[in-house]
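Let me begin by presenting the structure, written as structure tokens, before commenting on it.
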Amino acid sequence: MRKVNARKIQDAVARLAIEANLFLREDVLSALKRAYSKEKVSRAKKILKALVENAAIASSEKIPICQDTGMATVFLEVGQGVIIIGGDLNEAINKGVAEGYKKGFLRKSVVFDPLLRVNTKDNTPAVIHTKIVPGSKIKITVAPKGFGSENKSVANMFRPTDGADRIERFILEAVKKAGPDACPPYIIGVGIGGTLDKACLLAKEALLRRIDKRNPRRHIAKLESGLLKKINRLNIGPMGLGGKATCLGLNIEVYPTHIAGLPVCVSISCHATRSATRTL
Ligand code: SF4
């Protein structure tokens, strides 16, 4: 068994929380630049230019891309040949989030009780998803998500016979409803299948895939490309002020499901879609 110290995990999470909030993902930044060069509507072009400049300033001045530095979602892939020593895994992650948000001067946005709403003052706890995988490494991804976009995410249980057309309409409706509210141009993650909770997790995982990489299943890849085109015809545009760039990328993840159901979740994410990964 390979030993990994909990302190090492804490340090990695702290660094990743800062990195994700300061440096826009390369695939998202490239897509913003491409959208800028293609955009014809002058107001939309100006906004895209401002978003590219904003990302450059954040990275050079070491300040967050957006004031909403999000709730930290942490995805872990823990090799079954690893033994964690010197502390508790979840505690190490939360300590890392607290440290990163403090050191990086990132806004603390988490309230301890969803109804009493008292701020925990260190942005913990994180939402942690852990998978046990073959091997003896630990892959950590920190994905902070602002709630301007999280508030626009939706899920639904369809009838098994509803099919791709009905799902397409549901996704288009979700984007129309989000309109300008979740800071477009959007990145959209869709989860189809499993149970309702699995579909929501798949939608979040879909946001982690590079937006220039299509799903390996041909019919799903076709659905991704078709939906992206349809969304970009909605004329919501950057910041909702019109234009072609409503969505920079749409990724769908699927999972087997029950004969009697068809769960779907749409995770809407903004132009500041953030994540950073490290393998220990
Ligand atoms: S939706 Fe995104 S860009 Fe808009 S405020 Fe929230 S985190 Fe920032």
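Both ligands and their constituent atoms are indexed starting at 1 by order of listing. Small disclaimer: the values here were computed from a predicted structure and weren't measured. Below, each value reflects all heavy atoms present in this structure, side chains not excepted, and no hydrogens, waters or symmetry copies.
For the pair Gln67 and ligand 1, a heavy-atom separation below 4.0 Å is found. Ligand 1 has no atom lying under 4.0 Å from any heavy atom of Lys152.
Counting heavy atoms of neighbouring residues, nucleotides and ligands inside a 6.0 Å radius, atom NZ of Lys46 does not exceed 12 of them.
Ion pairing of Glu99 with Arg7 is present here, as a side-chain N (NZ or NE/NH1/NH2) and a carboxylate O approach within less than 4.0 Å. For the pair Glu77 and Lys137, the salt-bridge criterion is not met [side-chain N within less than 4.0 Å of a carboxylate O].
Taking backbone and side-chain atoms together, Cys183 has no N/O/S atom less than 2.8 Å away from atom 8 (Fe) of ligand 1. Using a cut-off of 2.8 Å, one finds that Cys270 contributes no N/O/S atom close to atom 4 (Fe) of ligand 1.
When each atom of ligand 1 is checked for a heavy atom of His271 under 4.0 Å away, the hits are 3 (S). Near Gly146, with a cut-off below 4.0 Å to any heavy atom, the atoms of ligand 1 are 7 (S). Within ligand 1, the atoms closer than 4.0 Å to a non-hydrogen atom of Ser149 are 1 (S), numbered from 1 in the order shown.
The part of Ala182 lying near ligand 1 is the backbone, judged by heavy-atom distances below 4.0 Å.
Of the options Arg217, Arg209, Lys204, Lys213, a salt bridge (charged side-chain N to carboxylate O under 4.0 Å, His left out) to Glu253 is made by Arg209 and by none of the others.
Annotation: atom 7 (S) of ligand 1 to nearest protein heavy atom, Arg274 NH2, 3.1 Å. Annotation: atom 8 (Fe) of ligand 1 to nearest protein heavy atom, Cys66 SG, 2.2 Å.
Remark: the Arg25 side chain and the Ser275 side chain contain an N/O donor-acceptor pair separated by less than 3.5 Å. Defined by atom type and a distance below 3.5 Å, a donor-acceptor pair is present between the side-chain atoms of Arg107 and Ser109.
Between Ser269 and Lys145, some side-chain heavy-atom pair lies under the 4.5 Å cut-off.
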